[in-house]
Each structure stands twice: as C-alpha cells, then as structure tokens.
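Got a structure for you, written out below as structure tokens; questions coming shortly.
Lettering follows sequence order; numbering is per chain, from 1.
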Amino acid sequence: MKKVIVKPKVLHNIPWHYCPGCTHGIVHRLIAEVIDEMDLQKDAVGVASVGCSCFNYDYFDIDMSAAAHGRAPAVATGIKRVQPGRLVFTYQGDGDLCAIGTAEAIHAAVRGENITIIFYNNGIYGMTGGQMAPTSLPDMKTTTSPYGRNVQETGFPIKMTEMLALQEGCVYAERTKVSNPASINKTKKAIRKAFELQLSRAGFTIVEILGTCPTNWGLDPLQAIKWMEEKLEKQYPTGILKNSKGDSVICDKK
Amino acid sequence: MKKVIVKPKVLHNIPWHYCPGCTHGIVHRLIAEVIDEMDLQKDAVGVASVGCSCFNYDYFDIDMSAAAHGRAPAVATGIKRVQPGRLVFTYQGDGDLCAIGTAEAIHAAVRGENITIIFYNNGIYGMTGGQMAPTSLPDMKTTTSPYGRNVQETGFPIKMTEMLALQEGCVYAERTKVSNPASINKTKKAIRKAFELQLSRAGFTIVEILGTCPTNWGLDPLQAIKWMEEKLEKQYPTGILKNSKGDSVICDKK
Amino acid sequence: MRQEIIFAGFGGQGIMLMGKVLAYAAMLENKKVIFLPSYGSEMRGGTANCTVIISDDEIESPIAENPNLLVAMNRPSLQKFEMNVITGGCILINSSMIDQHTSRDDVIKKKIPANTLAAELGNEKVANMIALGSVLELTGCVSKDSIILALKKSLAPRHHDILPLNKAALEIGSERVE
Amino acid sequence: MRQEIIFAGFGGQGIMLMGKVLAYAAMLENKKVIFLPSYGSEMRGGTANCTVIISDDEIESPIAENPNLLVAMNRPSLQKFEMNVITGGCILINSSMIDQHTSRDDVIKKKIPANTLAAELGNEKVANMIALGSVLELTGCVSKDSIILALKKSLAPRHHDILPLNKAALEIGSERVE
Amino acid sequence: MTKVEINEELCKGCGLCINFCPSKVLNYADYTNNKGYHPAKLINPEKCTGCTSCYLVCPDCCFEIYR
Amino acid sequence: MTKVEINEELCKGCGLCINFCPSKVLNYADYTNNKGYHPAKLINPEKCTGCTSCYLVCPDCCFEIYR
Amino acid sequence: MEQVLLKGSEAIAEGAVLAGCRFFFGYPITPQNEIPEYFARRLPQVNGTFLQAESEIAAINMVYGAGGTGARVMTSSSSPGMSLKQEGISYLSCAEVPCVIVSIMRGGPGLGAIQGAQPDYFQAVKGGGHGDYKNIVLAPSTVQEAADLTYQAFDLADKYRNPVIILGDGILAQMMEPIVLPNEKQDFPEKNWALNLDKNRPRNVISSSYPIVEELEKVIIRLNQKAEIMKGEVRWDTLQVEDADYIIVAYGTSARIAKAVVRQAREIGIKLGLLRPITLWPFPYDAIYSLVPQVKAFFALEMSTGQMIEDVKIAIGRERPVYHIGRYGGVIPRVNETLEKITAVAKG
Amino acid sequence: MEQVLLKGSEAIAEGAVLAGCRFFFGYPITPQNEIPEYFARRLPQVNGTFLQAESEIAAINMVYGAGGTGARVMTSSSSPGMSLKQEGISYLSCAEVPCVIVSIMRGGPGLGAIQGAQPDYFQAVKGGGHGDYKNIVLAPSTVQEAADLTYQAFDLADKYRNPVIILGDGILAQMMEPIVLPNEKQDFPEKNWALNLDKNRPRNVISSSYPIVEELEKVIIRLNQKAEIMKGEVRWDTLQVEDADYIIVAYGTSARIAKAVVRQAREIGIKLGLLRPITLWPFPYDAIYSLVPQVKAFFALEMSTGQMIEDVKIAIGRERPVYHIGRYGGVIPRVNETLEKITAVAKG
Ligand SMILES: Cc1ncc(C[n+]2csc(CCOP(=O)(O)OP(=O)(O)O)c2C)c(N)n1
Ligand SMILES: Cc1ncc(C[n+]2csc(CCOP(=O)(O)OP(=O)(O)O)c2C)c(N)n1
Ligand code: SF4
Ligand code: SF4
Ligand code: SF4
Ligand code: SF4
Ligand code: SF4
Ligand code: SF4
Ligand SMILES: [Mg+2]
Ligand SMILES: [Mg+2]
C-alpha cells in the first residue's frame, strides 16, 4: 500500500497547542503541503506573528522568524530585501494584522513587497482570551464588548483585505475559508497561487482565510464551523478580491 | 467703506513661519473662515500634527492640542470621546497621515469617529527637508530617492483617502486642491461640508487638499502651483470620493 | 492554621470556580486568603490550575510553596503537580478520570469519583463541587455553609435555583471521599 | 591662531556653502577646523547660519563661543548675531542688503556690497564668494588658492567652468572690503 | 482498498472528521487518550472510500491514508 | 469702489496674488520689507474690481478688502 | 466596611472608577486583560467610555487627548505594550497631562513569557522614553494596595499635572484577595489649563513642542523643579528594621516574598529587616541611607537581573555591600532559596 | 591617508558602509536626516539596499528581519523616534540579532526641540524597552570617532550577537570635521545561527518567545552572562587625570566642552581632569572609582538634568561629592559658565 496522504514533510511531528477543533491547524497543514509540493523547504522563511499561532515557528520545519505583535510584514520585508529569491510569508491573525499591524501590512502592499501574508481571520483576539477585534461582527459579544459590539461606538468591521487590494503593489488578494473539504482545497489553491506569484516577483500577495475560535466564540468545534459560514462569511464574502496578474478584480462589494 | 474680507477672527495676528508661497497658509485661512462662519471659535478644538504645520497651534485662536507624529487622529479621538459636542479636527501632512500615522487614521475611520481630518498632501516630507513620502510620485527625486522614486523598490503612491473612504464609518471624503481662486473656494466648501457632517454626528470625514512645497520641490511658488496641477493632481484626481450621507460614491478609480 | 491547595484539571471542569468559591468562603469567614490562577497560553490545549492559600495570619508570599493538598481532576494534572505536595500532605484524585494513583508514598492518598457521582446527581458539571466537598472534609478549612453563601453571593439571583444541587454535591463529596 | 566665524543670511544666499568651502580649505591647509550649520525648523521662513572655527590647535568645544567675525548677509542676521561678537572682533556687513550698521562700538566694522558687486560680475549668486573674499582679506585664515582648490574638489568636474568666476569674486571681495 | 490510520494521541476529540466523513466511518472512542480526550476512531473501516475528507478537515494532522 | 490693503510686513513676495489678479493690479515693490522680501504692491489700484482673488490665493493673509 | 474578593487587575480598575476615572483607552495584552475587560463592563454603567484602541500607541495618544480636556483617564498595558507607549509617555510628561498609566510587568525581554516578573523597573522609573522627565511610580504589593494606590494616583496626577505610573506584575494582577474599597470620590480639582470648553477663559493649548531651545530649557527647568517638589511624595514601608543587621529592599510581589523571608530569618536567628519602597520614583534614598550605620549588608530582591539595585547602591554608596537576589522571566523567587542566599552572607 | 571633510552623520553612514553594512532601514527625523540621505545615495552604488520605512517601528522590525539573515544592517533615529523603537530593540536583544542602531539625541521630552542634547542616556544605557537586556552603547565625541566607532560597532555586534547603539547628539551629527576613513572591511564572520539559506544545515529560528518560564529564565541568565563578558569592552579616555584634584566626567559633545574647561581651569590653577566614557554601557565604573583617592570632587557635565551622573554615583559611592552641571533642551553648555561652576566648588 502506498502512503497517499500523510502529514507534510515540513511539519515537525509534535502536537500543537491549539484548542480542540481550532482551524489554525488546518491552515498550517495547507501551507506545509504547498511548500512540500513546490519543494521549497530550504527556500522558505516563515514569519510568525503574535496571536494563538505565535508558537508556529516550532511547527514548521523551515527557517522561521518570530516577529513582534503586528510587525510581521516589516520583518518579512527585512528578510526579503536581503534574500529576494526566497519564499517569504507571514502568518497573522486578525488582531495582529488589522489592529496593531495595520500600517505595516498596508505599506508592504504599497511597496509591492514580494511577500505573502496568510491572514487568519477569526474575528476575535484568540490568544489573549477573546477580546474584540476590528474584525468582530456587529453586536458580537466579546470580553471587551460584553454588551455586544456597538457599531456606534466602535464602528463596523474593518475592510482590511479590501484596503490592501486597493494598492497597486498588491497583485493578488483572495478570501477563502476552511469550513469543509471543498473550501479547504480551495484555500490551498489560493495559497499556492500567492506563493507562485511571489516567486515570479509579481508583487504583494495576501490570502485571507476565515477560521474559527471555538474557545472564545463559546461554541463547540462544529457549531463554530457553522457560525463561521453563517455569520463570519456573510460579513466577509469569500472570493478573489484582486488578481491583477490574472483577470477579475472585485473590490468594494458593497 | 465696509470691511469685506479680512483675516478671519480665529487666526492670531502673527506672521507664519511657512516658506514663501507655501499653500499651508491658504488652508489655514480656509479652516479659520469656516470656523468663523459657523461661529465655532469656542466649540472647536484643533489637533496639530508633526510636519511643517506643527506650530499651527500658535496660529489658530481656538483650543489646540499638539499631537505626536502621526497620532493626531488618536488624540482627536480622546478629545471627542470626552467632549462629543465639540468640533474636533486634525491637520495632518502626507508624511504624518500616510506613513507613520496610517493605522491611527484608518481606525478612526473604521470607528466612524466623529472627527474631521484635514489632510495636506504635498507629496513630500516638508519639515524634515524633502524626503520621499508614501505619496511621492513615481520617479520623483527627493533627498531619500535621489535617483527618483523607484516604483519597483518603493511602490506606487499610496491610496490613502481611498482606503479611508472604503470604511463604512467614513461618511465623507473629498479631494480638493488650492491652486487658484476657484479651487480654493471649493476646498472651503468641502471643509464646511465635513464640519457640518461632523456636528450632525454622521461619522468620520476627511478632506484631502493638494498643496505645494515649493522649497523641497525646488520650484518657485508659481511653478509649484503648476506642478501641483499638472503632476500631483494627475496622480490624485480631485473630486468627491465618498459622500454616503449624500449621493455619489467614487471609490477605486482604476 | 494554613492551607495551601492546588486545584488542577482541564478547561471546562470548573477548576477556577472551585478555587474562587473556596477563597470567597474563606473571606466570609474572615480568614486571610489568596487565590492565584494560572493564565494565558498555559490555558491553550486545555489545562487549567489555580492555588488557594488560606491562613489565620497574614499571607506573605502569594505562591503556594508547600501545598498540603493537590486536587487532581485529570491525569495530566496529577503528573504535573504530584511532586509539589509536601511530605505528609494529601493528594485527592478524581477517580472518574484518573485510573492510577500517585507513586508518592509520603503523602495521604484520597479518591473521589467526582464525575461519576455528579452524573448520578444528574449534572456532570457539579463534579467540581463534589471534589470541593471532599476538600472541605479533608481540610476543614471552611464550612459548607460558607461555600453555599459564597456561591449565593457570587451568582446572579436568577441562578440561585442551582444552589440546592451544589449543596448536595458538596455533601456527597464530603461523604464519599475515601 | 584661532578664528571663530559666523556666517548668517537667508536661505538661497549660499550661506552654508561659504562655511563649508572655508572649512574645506582649512582642511587642505592641514588646519584644525569645524563647521557647524544651523538646521531644521530654524530654516523655515528663510534664515540660515553656520559657524566655522579654524585653529592650529585641537578644537575642543564645537560651539563658537567667542566669534571674532560675523558675516551678516542680510538685516535680520545682523540683528540676531551682532551682540555675539567679542570685543575687538569684526562685523562684516553685506551693504547691498543692509542699510544700517551695527550699533556696537567695540568692534571693527567692515562693509562689502556683495550683491551689487556680484551683479556687476554678472551673477548675483556669487555674492557669497565675494563676502568670503572679504573674510580672507580680514582674517587671513586660509589662502585664496585653498578656497579655489576646495571648490574644485567639491564640485563635479562638469561644473568646473564656474571656477574662474568664483576666483574673480573672491578677489573682488578681498579688494573691495572697506 | 484504503487504509486510514488515526494518531489517537494527537487527537483532541473535536469531531470534525466524524462530521465530515461522508461514509460515517468515524466516531468517538469510548476511552480517553492521555490528554483526556475521546479520540476519533474508525467504527466502519470497511465503508471507507478513501475520500480524504477526514484528513482535510482534521486540525491536528491525525490522519494518514494509504491506498 | 474697492479698497485693497496689503500688509507688507507679512508678505513673503511669493507672487501668487500678482499672478492671479485678473486685472493686473499688483506687482512687486522695488524695496524690501524687514524680512528682506520684495512685497506685493498695488500698481494699478484703480483697475481693481474687488474680485478677492488676491485675498484667496495669498498664503500669508496679507490682504484686506473694503468696499 | 464590606470586604470584596477581587483580582489585582479588578482592584486597580475599580479603584480608578471610584476615583472618578470615566475614560479608559487600552489594548489587550496578558497578564492585564482583566483591567480593560473590567472597564468594558463597568464604565458604561457610570456613563463612562471604554474604548479598545487599535494599538498601545493609539491608546496612549487617546489618553493624551482625553487627559488634555481635564478628564480623569487611564490606560494599562504590559511589557511589550509599555515599550510602545514610551514616546507617548514622554509627550504626556512634557505637556503635563495628568493621567494614570498601569504597567503590569511580565517576563522579558522580547515576547518573553506572560508570567509575572519585574524587569521593567528601569523603563518606568528612569524613563524609557526620550528626554528628561519624571513620573511618580507607585508599586502596590497587595490587592488592597492596588485599589488604594490607583485611587490616590488620580489625585497625585492632578495635583502635579503629571502622569502617574502604577507598576505591578502578573502575580499582583492575577491574584485575588479580600479588600475594602475606598469611597467614591466626589470633589475634583478645577483645571483651567485644560481644553475644557469653558467659554469664559482664553483658549488653551496642550503641547510639548518648544522650537526655541531657550524656551524648552525653561520648561525643562520648571519640570525639574516640579520633580523636586514631587519628591516629597516619597513613601516606603518597613518591617523589623529597628534592630536589623541585614536589610532586604524589595517592592511589589518581591516584597511579599521578602516578608516571609524576614519572618523565617528571624526564626533562625538572623536579624533581617525589610524596606519596601512604595514609590519607586521618588525612591526612598534617605530612608535606606539612614539604615547604613546599623546594617552590615543589604539585599535587593528583584524579579529581574538587577535594576532597582542601582538605586539602592546610589542610596547607600559603597559603604555597605549590596547583594542582588533574583529570579527571572516569570519564575518567582522562593522563600527558602532567598533565605539560603541571605544566610550564606550572614553566616559568612 | 587622505582627509575628508564630513558631517558626523555622514561619517557614521560611511563608517557603516566601509564596515560592510549593505542594508539600512530608517525614517526621517531631524537632526539625523543626513544618515538616511547618505545611505539613499550611497547604498545603490555598492549593491546595497536603502529603504525608507513607513515609521520607526517598521524600520526597527525590518532590521530584525534583515539582521536575522546575518546581513550587516543599521537603522538610525532621534529621540521621539528612538522611543518608538524600544519594543523592537528589546526583541532584537532577546533574539540576539546583531545590528547597529544610531540614536542622535535632541532636546526632549515630547516633541521638544531639534537641537543637540543628551537626555536619552537612560533610554540607551539602562534600556528604555522592557525586560532585562544590555546593549553596548558607544558615544563618539568627534566626527573621526563617529566613523571609527560605527565601523567597529558592526564587529562588536557580530562578536556578541547583540545590538550595538551609537549614541550621539545633534551637534555631533551636524558638524563637519576633517577625518581619515577606515579601510573597507573584507572579512566577515560566519553566522550559522542565521536564516541564511545554507542548505546544509538544519533550519534556524530567530525568536524572543519562551512561553515556559524556566526556559526564559535560562535565556536571561545566558544573556546576563554574555553581558558580563561584554563588560570587557569598556572604554574610556582621560585627560590630565594624573594629578587632578577634580574630575569632570562627560561623554560625546559635552566631553569636548569639558576638554576646553580642563584647559582653562589649568590656566587659572585648578587641577582639573577629564574622564570621558567612550562606552556608556559598559560604564567605566572601575576607572572612575580608581580616581577617588586623589580626587576631591567629581562633576558630571551632561546636556540633561542628570542621567549619567547616576552611574558616576554608583561608581564612586558616597565617598566624594558629585556635582551635576548641565544645560538642557538643546542649549549647549558654555565653557566659561561650566568653569565658573567648577571654580565655585574648587574655591569653596
Ligand atoms: C505589543 C503587544 N501588544 C499586545 C500583545 C498581546 N497580544 C498577544 S496576541 C494578541 C491578539 C491576537 O489576536 P489575533 O491576531 O486575532 O490572533 P488569534 O489569537 O485570534 O489567532 C494580543 C493583543 C502583545 N503580545 N504585544
Ligand atoms: C516619531 C517621529 N518621527 C519622525 C519625526 C520627524 N518628522 C517631523 S515632520 C515629519 C514629516 C512631515 O511631513 P508631512 O507630514 O508630509 O508634513 P509637511 O512638512 O510636508 O507639511 C517627520 C518625519 C518626528 N517628529 N517624530
Ligand atoms: S483560543 Fe481560539 S484561536 Fe486560539 S487556539 Fe483556541 S480556538 Fe484557536
Ligand atoms: S518646507 Fe515645504 S511644506 Fe514646509 S513650509 Fe516650506 S514650502 Fe511649505
Ligand atoms: S477517507 Fe473519507 S470515507 Fe474514509 S474515513 Fe476519511 S472521510 Fe471517511
Ligand atoms: S478531526 Fe482530528 S482532532 Fe478532531 S476528532 Fe477527528 S482526528 Fe481528532
Ligand atoms: S481684488 Fe481682484 S482685482 Fe483687486 S487686487 Fe485683488 S485680485 Fe486684483
Ligand atoms: S500672495 Fe501674499 S505673500 Fe505672496 S506676494 Fe502676494 S501678498 Fe505677498
Ligand atoms: Mg484572531
Ligand atoms: Mg508633506
């Protein structure tokens, strides 16, 4: 019998610290699969950010740099400028990317920095215990919006990937989700596409992936998947937001 | 004989430190005129930023707060949250707003903060001696792009106001210029519109004003005006980018 | 009198609540008390633990340096903390979740099948209160009444209907510990 | 020998260049030298000034505490700096731009109509070199040749055609100072 | 013929594989692993079509699939 | 009838008013002000229409206009 | 006087609310998340405003804005976040905007670990920001003190028009103790320097910009004179120093451990005393120096590799040895290991 | 050995280029704009990369990325910008990423003034960031030294895998002096810890995150041991200390003024000497202490209200008086006013 599918080679064989059913793990595996398939283990550098995924430098068996909260795109820029031939990607949560790291992400896009941001959007600060993120949904209850996110006081969910897509330096922006086998395969394709564009030096690429946080959403893993599809995806429709080296450009959907 | 037009009441009667022909002064006067006309001297608080305009707290005879570089929208937020009834505006250059202050501006827009940003865009860091800004034009020579802004290395001019306009919390965004009497009058109308919307608590408003920096552009004041209209405006077309309490919404012009 | 107790288990077992309620009860009895939770990334992957120190005198160091009781609600917790208990101290094991016992022979070994008994009471969630009942029995650090009062004061009135169940749990815990 | 010279005027008069060229020339003569420009927001609104200290011995403090020469290229500069010059020092005035003279009577007063003379030479821009010529005449701190060499070394070869004009300016400056 | 292996010690009992297996091959084990979770278990291995859905949705990389 | 006054000490001689005056009322003075600039000056005051263009474009608020 | 059981973080937040603080701007970071979370629940109940900023930098600058209006305002963070606030703190000090800033230290440097530690003493006390400025730094060591000192911090801030820093650690923030809360404050000082919409006064300006150096120098001299006056707020606590041969100097959580060490040392016949600075700035130099004649050696117990010890050294000079005792990165010093180190010195 | 006339900023930048620095990330701020501007012109000529970041924070984190690959990399800023870099500096130190950071001090706090001053000593030397870390801090006092110390800083950074800070002020950065440049460096150390694409080694990780406190403690202890070794790099200079009754301690621009004061003091019969720390961390405590027996009093001349003076106090204890002399906010101390203050003490 042939091994058909096993843990990707670039993943260390250690258990992950994520909560049961948290889809961070799925996204990690997808990245690893793409690196394996593109045979980039020695050519890839990952930049870990600060959030639940902050220990993922232990999980990927590739060169890794662990950035300060929000600064992964700047760190990736530093690496890429020295080693323009390498695949450089960041892995960032919505708190990391859309709050404290807003400027670093936007300016990486403005510069058309040849890096890829893998943006894990679960609409909440997972690591720190479920505070409101700029991506949290209207009326969503979190530990810092205990009465529900009041849009009058705190605004509407940020349009982050849309902003990045707006910049000329951004050549590819897609939003996907990891809620079932089909969408997981689609996410993998998006990651591969972004990596390929990066290696062809086309410019800045981002894949936003809707994921879960069962723990801080207060839902069990399956309910969380459902909530993601019903609520999160409604706010953040999946699809290609920009593909300036390809064809369709969907920008502001409103 | 009646005084028809004199220096607005809320401007202190002291000379300004701006270089000859620098249009910062025009914009100051327009803000002052609107405050006068709306009779808001005691109700307005201005937030000065860091750039050539950083001493403008000395020029306006209203309560003023001088913010750290890039942080004026956060300072304005702090003020507005305590005193929601006041007119709170920031005055920011393109370096201040589009580089170091990117996140603060975007999140003020995301929150729909009831403040107005007056954004003076001269495509360069004036105060510090003519360095490249995220708004500098492709191939533009500055002290930090001595061989011209290389878009491959440093990207294309940032779409700042477009990004702000993209957020739901932003209700009004207009780009104007101050290159002749007509456009100056138009700018004044835009400022007034933004202030009125703010006072009606509609949300975040921004007026981007194309202005000159004769000194660091290496041009005399008249040449500078021309360059602004010929080059800067080409990159940054004037017009209403968002008016969600009115009608037309022009977003990504691409 | 001074008690240093470690409560340990996984998230969802109500570990923090056990500690907090005990601390509250101690306060109600005018004792000196400190509650110190573990926190942060330790809690990812599901482990949770906290310590309570109760004393008649001022509690100086907030760290339980010489715990005299470990309440181990699941297997990894036992492994993690069993060596911390002082000689002559006690290890209370939730025997519904842990099939072995500690290898230490210089401590008192106690068992309570907390989940099983809770299920019998009709609500697995009160396993923690059952274990807490055992703690009261073993240490006598506060009275059951104080615990009930603490629960009452910390719960919103609309939740007071669960008090009888908790009281029953405490009692079973103190009776059935062995 | 030690010279502390202040050059002051408005932006566009080539004030910094005067100082830098003088400093360069001093270096070429193997003297100790320091050039210190004013900078930053002082320069908005058009004022500019710098100091040059030339000495045979080590220059310790980079600040010209006892300037023995002020070169005032416009009116506000004279007002700003005239009180700084030491007793017995000298104030050189660009009489094309300044119609009065210093009120100090404990200093030597000198004049050069730098702009007028520069215009006569056909290029108002060399007013600074004319004033610098006067400085050389008044202080003897470096030779004209060193200045020319300094200019030559600091200009790209394609600009060397302006050297004769500058040389002429220096000479006029040293001749016509009064 | 397909063989599916589950690394029970990595499993956190989230149930995603169980839910997404189109052939109802999987369910929770009645025992707990060392971490205290009820791991997923093949209850109808013969029904497995090798569709890899379980592998795809498992957040903890517990699956290996052979054909 | 219009009267235009220029505050010469505020003027920095930028020339914007001169350029934008549709009636060619303005030009540089041949003297300099205290800062050293040649200020703007009314050379044809009688031609002034009171259009306020000069006021509008002046960055240093040098103008007052009376009617 | 009813007792309540509160976490250190909650005590800080409630102390602030009772002191009239109605505005909080912050950004989540462990181990102080309970502070913003408490405010998020509590402030809407008292017509206050809780706002989660997009970053620590935005938060501190919102404090600058709100504080400039005269409102009682607070922010809180932990080590990496506090580093980001340093520019803002320098601005607040220079512009003399009263506010309270809570720094809950964790293991550093870098991302470090989230357990309690004390390695940000230098940052808080010497000034991690740029320029010459001084902020009062209060170091609570119990949950009761966390509430009380925060409560008082607002008065101190207003009294001196100066930021006040509460310096705690993860242990203090996370532990619960029974405490008695202070009464709700009713009277607040007038602030005619503020942007407070008083239509009868001339406009005000809040700024830290002084382009003319002579003016800036005057401001710095004035701030320095104010700092001299603020030195009068110095506070410390002592335990069994009267007859002590040896003194531990320790603050915050370390001081609690030190207390136990003192008790145990006495039990084995070592005359140990404790001096606990409550204000870290101003530091109780004189109080410490006054112990020199009677004392053989000093110990600085810190959860850092040695920061406060420098102030102890400045206090006592080279007249007595000062030994550093510490654990790092979130490891808490044990009573017995600390005692061992002291015994080793005491028994020679 | 040809002399060139350079600004301090340019000397720093060219010193870096000659030391093999090929990457610069920075953000404009007066009075150090000539550093990025020099790199913007120069680096493209040597196949290097100059990148103007969107902020100081981005710049320091780009340094973290680039330094992690093993490249020689630099950033520079001035006071407010340096405050913003503190989080990043803490990360760099903890992750042991070698790099050179130039801090050109101006008048602060707040926006302050842009003229040269020295009020960021604490920030650079004690650590404005969070956590226990130590960086070597070099304080050039001439343009020649600006080039030389920057040149050497890269070797120090690589030798210890540690950031090195060049601490100067606006005067140093802006003034021009004739200098002789060092030779272009040819040999560079191997860096097998770096993300350097060496396909024959296992992967590397650059991180400052240690969630398990015991591990973090080990790292801190190791960093602390490294700091002890780095103390061997202490450097200072003296002028006429042999027979001195009084000593000025001063660094950077202040030390130049102090030199003139020493000369003039000697002229009026006061035996004054100068001790000039070249490394501010490690600080020359022993060198200063060794002067105590012969010296009646010490003076700390600083363009701040008193920061380095604390280290002088630690050095000498309370055995001799230490007087602070300073001007602030961008005002430069005058030779004669300084001499007067010293004379007042010397003449009693
Ligand atoms: C400067 C700084 N501020 C705050 C934090 C605390 N912090 C750690 S993770 C995090 C948010 C994580 O949320 P997100 O990026 O959405 O990731 P998730 O955990 O949801 O995957 C925060 C605020 C920090 N480590 N550093
Ligand atoms: C934290 C910080 N970084 C950098 C600076 C230096 N600085 C002052 S003004 C300025 C840029 C100003 O440019 P812009 O905002 O475009 O205003 P302009 O002068 O062109 O009107 C910079 C970088 C500063 N003061 N503070
Ligand atoms: S807290 Fe949320 S995001 Fe973090 S590991 Fe748990 S489920 Fe995943
Ligand atoms: S430098 Fe430019 S922006 Fe600044 S005052 Fe001068 S012309 Fe205006
Ligand atoms: S491979 Fe498909 S059918 Fe087989 S167990 Fe997995 S999900 Fe079920
Ligand atoms: S998806 Fe993975 S972790 Fe979840 S139950 Fe199945 S095997 Fe276990
Ligand atoms: S008002 Fe009009 S016509 Fe009169 S001077 Fe001004 S611009 Fe000219
Ligand atoms: S526009 Fe104003 S400043 Fe310019 S020349 Fe005319 S009056 Fe003078
Ligand atoms: Mg998240
Ligand atoms: Mg600008």
Under a 4.5 Å heavy-atom cut-off, does chain G meet the side chain of H:Ser209, its backbone, both or neither?
both
In the structure I gave you, are the side-chain heavy atoms of H:Leu84 and G:Ile57 within less than 4.5 Å of one another anywhere?
yes
Of the listed G:Ala95, G:Gly108, G:Ala117, G:Gly107, the one with the largest count of heavy-atom pairs under 4.5 Å with chain H is G:Gly108
Checking H:Arg318 side chain against G:Ala315 main chain: does a donor-acceptor pair fall under 3.5 Å?
yes
One option among H:Gln123, H:Glu214, H:Gln86 has the most heavy-atom pairs under 4.5 Å with chain G, and it is H:Gln123
Residue G:Asn224 versus chain H: region with a heavy atom under 4.5 Å
side chain
Part of H:Glu319 lying under 4.5 Å from any heavy atom of chain G
side chain
Any donor-acceptor pair under 3.5 Å linking the side chain of H:Ser208 with the backbone of G:Gly112?
no
Distance-minimising heavy-atom pair for G:Leu216 and H:Gly329
CD2-O, 3.3 Å
Around H:Lys218, counting heavy atoms of other residues, nucleotides and ligands shown, do more than 12 lie under 6.0 Å from its NZ?
no
Below 4.5 Å from any heavy atom of chain H, which atoms of G:Gln307 appear? Answer side chain, backbone, both or neither.
side chain
Flag side-chain contact, heavy atom, 4.5 Å: G:Glu310 against H:Lys126:
yes
Residue among G:Tyr133, G:Tyr210, G:Tyr289 with most heavy-atom pairs under 4.5 Å to chain H
G:Tyr289
Using a cut-off of under 4.5 Å on heavy-atom pairs, state which of H:Thr305, H:Asp120, H:Ile89, H:Ile220 scores highest against chain G.
H:Thr305
Taken to the nearest 0.5 Å, the spacing of H:Glu217 CD from G:Met303 CE works out to 11.0 Å
For the interface with chain H, which of G:Cys94, G:Ser79, G:Gly88, G:Pro109 has the highest count of heavy-atom pairs at distances below 4.5 Å?
G:Pro109
Heavy-atom closest pair, residues G:Ser83 and H:His130
OG-ND1, 2.7 Å
Chain H contacts, top residue of G:Gly306, G:Gly81, G:Pro80 (heavy-atom pairs, under 4.5 Å):
G:Pro80
Which bit of H:Arg327 is near chain G, if near means a heavy-atom gap under 4.5 Å: side chain, backbone, both or neither?
both
Could you tell me which of H:Asp311, H:Val219, H:Ile314 has the largest number of non-hydrogen atom pairs under 4.5 Å with chain G?
H:Ile314
Relative to chain G, which of H:Gly110, H:Ser78, H:Ala113, H:Ser103 shows the most heavy atom pairs under 4.5 Å?
H:Gly110
